[in-house]
Amino acid sequence: MKRIGITGQNGFVGSHLYNTLGLTLDKYERINFDREFFDNSEKLDEFVRQCDVIIHLAAMNRHPDPEVIYHNNVDLVKKLVTSLENTGSKAHVIFSSSSQEERDNLYGKSKKEGRELLANWAERAGGKFSGMVIPNVFGPFGKPNYNSFIATFCHKLTHGEKPVIDNDGEVKLIYVAELVQEIISQIENEVANTFYEVPYTSVNKVSEVLQKLESFKNLYFDNGEIPGLESSFDLNLFNTFRCYFDIKNHYPVKFIQHTDPRGAFVEVIRLGIGGQCSFSTTVPGITRGNHFHTRKIERFAVIKGKALIQLRKIDTDEVLDFYLDGNEPAYVDMPIWYTHNIKNIGEEELYTIFWINEPFNPEDADTYFVEM
């Protein structure tokens with residue numbers, strides 16, 4: 001079992017990597033890291049001493065003064081190198097650099113110098129070093145106005161603001177889950193890559209991305225319709241967009257009922273894609289679920305009875321409670337990386353319709369059980 005530490009484990013890429021490694025705890029032991037370790041040499045040494053692999057992600061991306069970015073990022077690498085030397089570490093160090101290395105800016109310069117400092121340490125000390133030069137990364141839970149223009153656009157579109165394009169150029173992109181798999185392949189690689197350029201997985205003009213996101217807003221955010229998703233990029237972009245809702249106040253969404261003397265008719269879901277639709281009954285007091293998905297899109301629609309649907313992002317403590325009643329049919333959609341369940345809190349059977357965007361495959365279920 002490899003013992004793995006991630007500097008910046010609470011950041012955008014770091015949290016995704018940390019949580020993904022947590023899906024296979026039989027292979028990896030995660031060594032906890034806290035930002036304060038960089039200000040306490042004893043704690044940093046203790047952290048380094050425990051690690052077989054260190055992924056150095058901690059860095060500053062934006063600041064009004066570029067000199068602050070430069071000195072911060074280089075200083076973090078110097079502190080890590082000092083700790084590696086103090087502990088006599090032979091760890092495999094994986095460094096997250098940037099495609100901006102060759103640009104004439106201080107952020108790119110800080111990344112290039114950091115990579116060179118760690119490569120020199122590995123050569124002197126007999127350690128292993130992999131320098132990963134990474135394209136623009138997007139995905140769920142990135143910070144608006146910080147991590148990516150996609151995070152900014154998603155936040156604005158779901159919070160009543162209008163995105164503005166500063167430069168409509170082509171951008172080489174990689175989805176954060178794809179980047180995580182690239183990092184894991186480096187963890188498993190017995191031969192270090194001192195310079196490894198991570199391949200981008202899509203190229204898009206900024207305006208093209210915004211057009212797709214505006215379509216998601218109109219179809220899905222405003223009207224609950226699942227849009228057509230014609231590529232893996234579309235699916236990844238859609239799952240990114242869904243995580244920027246004010247989820248606590250967006251759900252449950254009530255259906256429109258059409259009633260006449262015969263009874264009522266409700267459209268449960270309108271699709272631009274296929275998937276699997278299921279129906280269940282649940283007896284009083286029973287809870288279904290307590291699992292999360294990393295890629296699937298899922299809708300719970302209550303059509304009879306009383307239900308409590310709960311959501312919790314897996315690395316937080318806040319539980320979101322949604323109460324639904326079949327007398328006013330409504331639905332809740334499940335964001336990725338949110339564990340969720342549904343409980344019958346009434347005195348009669350609960351009737352629920354479930355839709356998910358891909359048929360269940362026991363060999364690749366994308367279903368991870370975590371109690372609420």
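Just the heavy atoms: all of them, side chains too, but no hydrogens, waters or symmetry mates, feed the values below. It should be emphasised that the depicted structure is a prediction, and the values quoted were computed from it without experimental measurement.
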(request) Could you list the residues that satisfy side-chain hydrogen bond (donor to acceptor under 3.5 Å, both in side chains) with D325, not counting sequence neighbours? (result) K306, N327
(message) Quick one, I174 and N136 - any side-chain contact, counting heavy atoms below 4.5 Å?
(response) no
(request) Any chance you could measure L320, atom CG, to K248, atom NZ, to the nearest 0.5 Å? (result) 7.0 Å
(request) Can you measure from NE2 (H16) to CD1 (I6) and round to the nearest 0.5 angstrom? (result) 12.0 Å
(request) Calculate, to the nearest 0.5 Å, the distance between atoms CG and SG belonging to L237 and C154 respectively. (result) 6.0 Å
(message) Looking only at side-chain N and O atoms, does Q310 offer a donor or acceptor that is under 3.5 Å from a partner on H340?
(response) no
(request) Determine whether more than 12 heavy atoms belonging to other residues, nucleotides or ligands lie under 6.0 Å from atom NZ of K2. (result) yes
(message) Check D315 with K313, please: is the shortest side-chain N to carboxylate O separation under 4.0 Å?
(response) yes
(message) Is it the case that the side chain of K172 and the backbone of S202 share a donor-acceptor pair, with hydrogens and angles ignored and the cut-off at 3.5 Å?
(response) no
(message) Tell me whether I256 at atom CD1 has more than 12 heavy atoms from other residues, nucleotides or ligands lying less than 6.0 Å away.
(response) no
(message) Parallel, tilted or perpendicular, judged at 30° and 60°: which one describes the rings of Y331 and F255?
(response) tilted
(message) Using the ring pair (Phe, Tyr, Trp, His ring centres under 6.0 Å) definition, which of the options F245, F216, Y244 pairs with F221?
(response) F245
Only pairs under 3.5 Å count here: list side-chain donor-acceptor contacts from residues 345-354, not counting sequence neighbours, and write none if there are none.
none

(message) If we count only N and O atoms by modelled type, under 3.5 Å, do the side chains of T282 and N344 hold a donor and an acceptor together?
(response) no
(request) Go through the side-chain N and O atoms of N341 and T287 and say whether any donor and acceptor fall under 3.5 Å apart. (result) no
(request) Taking Q276 for its side chain and W355 for its backbone only, find out whether a donor-acceptor pair lies under 3.5 Å. (result) no
(message) Tell me if the CZ atom of R270 is crowded by more than 12 foreign heavy atoms within 6.0 Å.
(response) no
(request) Look at the aromatic rings of F33 and F38 and report parallel, tilted or perpendicular, splitting at 30° and 60°. (result) perpendicular
(message) Is the distance from the ring center of F292 to that of Y368 below 6.0 Å?
(response) yes
(message) Heavy-atom count check: over 12 atoms from other residues, nucleotides or ligands less than 6.0 Å from E161 CD?
(response) yes
(message) Just so I know, are the side chains of L117 and V74 near enough to count as touching, which here means a heavy-atom distance under 4.5 Å?
(response) yes
(message) Tell me whether R115 forms a cation-pi arrangement with F95, defined as NZ or CZ under 6.0 Å from the six-membered ring centre and within 45 degrees of its axis.
(response) no
(message) Show, in sequence, the C-alpha distance, side-chain angles and deciding distance for V206 and F149, and conclude whether the side chain to side chain contact (heavy atoms under 4.5 Å, CB included) test is met.
(response) CA-CA 8 Å; V206 174; F149 74 94; 4.0 Å; yes
(message) Counting C-beta onward and ignoring hydrogens, is there a side-chain heavy-atom pair between K27 and E188 closer than 4.5 Å?
(response) yes
(request) Establish, yes or no, whether the cationic atom of K112 lies under 6.0 Å from the six-membered ring centre of Y107 and within 45° of the ring axis. (result) no
(message) Taking I309 as the starting point, is it possible to reach Y251 by hopping between hydrophobic residues whose side chains are less than 4.5 Å apart?
(response) yes
(message) Ignoring hydrogens and geometry beyond distance, is a side-chain donor-acceptor pair present between D75 and N72 at under 3.5 Å?
(response) no
(request) State plainly whether the residues K90 and D52 are in salt-bridge range, i.e. N to O under 4.0 Å. (result) no
(message) Quick check against the 3.5 Å criterion: does T152 have a side-chain atom that pairs as donor or acceptor with the backbone of S148?
(response) yes
(request) Check the hydrophobic clustering (I, L, V, M, F, W, Y; side-chain heavy atoms under 4.5 Å; chains of links allowed) and say if F233 and Y200 are grouped together. (result) no
(message) One thing to verify: whether K217 and D222 come together as a salt bridge, which I'm taking to mean a side-chain N less than 4.0 angstrom from a carboxylate O.
(response) yes
(request) Flag the pair K109 and E101 as a salt bridge only when some basic side-chain nitrogen lies within less than 4.0 angstrom of an acidic carboxylate oxygen. (result) no
(request) Hey, could you give me the CG/CZ distance between D234 and F241, rounded to the nearest 0.5 Å? (result) 13.5 Å
(request) Taking atom types as modelled, find out whether Q9 and N32 have a side-chain donor-acceptor pair closer than 3.5 angstrom. (result) yes
(request) State, with a plain yes or no, whether a side-chain heavy atom of N204 is found less than 4.5 Å away from one of V171. (result) no
(request) May I ask you to test the W121-L80 pair for a side-chain heavy-atom distance under 4.5 Å? (result) no
(request) Evaluate the side-chain proximity of T339 to F369: yes if any heavy-atom separation is below 4.5 Å, no if none is. (result) no
(request) Rounded to the nearest 0.5 Å, what's the gap from CG on N105 to NZ on K111? Could you check? (result) 12.0 Å
(message) Are there over 12 heavy-atom neighbours, none belonging to E46, within less than 6.0 Å of that residue's CD?
(response) no
(request) State the CE-CZ distance between M334 and R242, to the nearest 0.5 angstrom. (result) 9.5 Å
(request) Would you please say whether a donor-acceptor pair under 3.5 Å links the side chains of D168 and S207? (result) yes
(request) Determine whether the side chains of H56 and T7 contain a donor N or O and an acceptor N or O closer than 3.5 Å. (result) yes
(request) Heavy atoms only: give me the nearest A330-L324 pair and the separation to one decimal. (result) O-CD2, 3.4 Å
(message) I want to check something: taking the side chain as every heavy atom from C-beta on, are I187 and H92 in contact at a cut-off of under 4.5 Å?
(response) no
(request) Answer yes or no: is there an ion pair linking D321 with K343, defined by an N-O contact shorter than 4.0 Å? (result) no
(message) So, applying side-chain hydrogen bond (donor to acceptor under 3.5 Å, both in side chains) with T294, which one of N19, D366, N239, T20 is it?
(response) D366
(message) Is the shortest side-chain heavy-atom distance between S130 and Q186 below 4.5 Å?
(response) yes
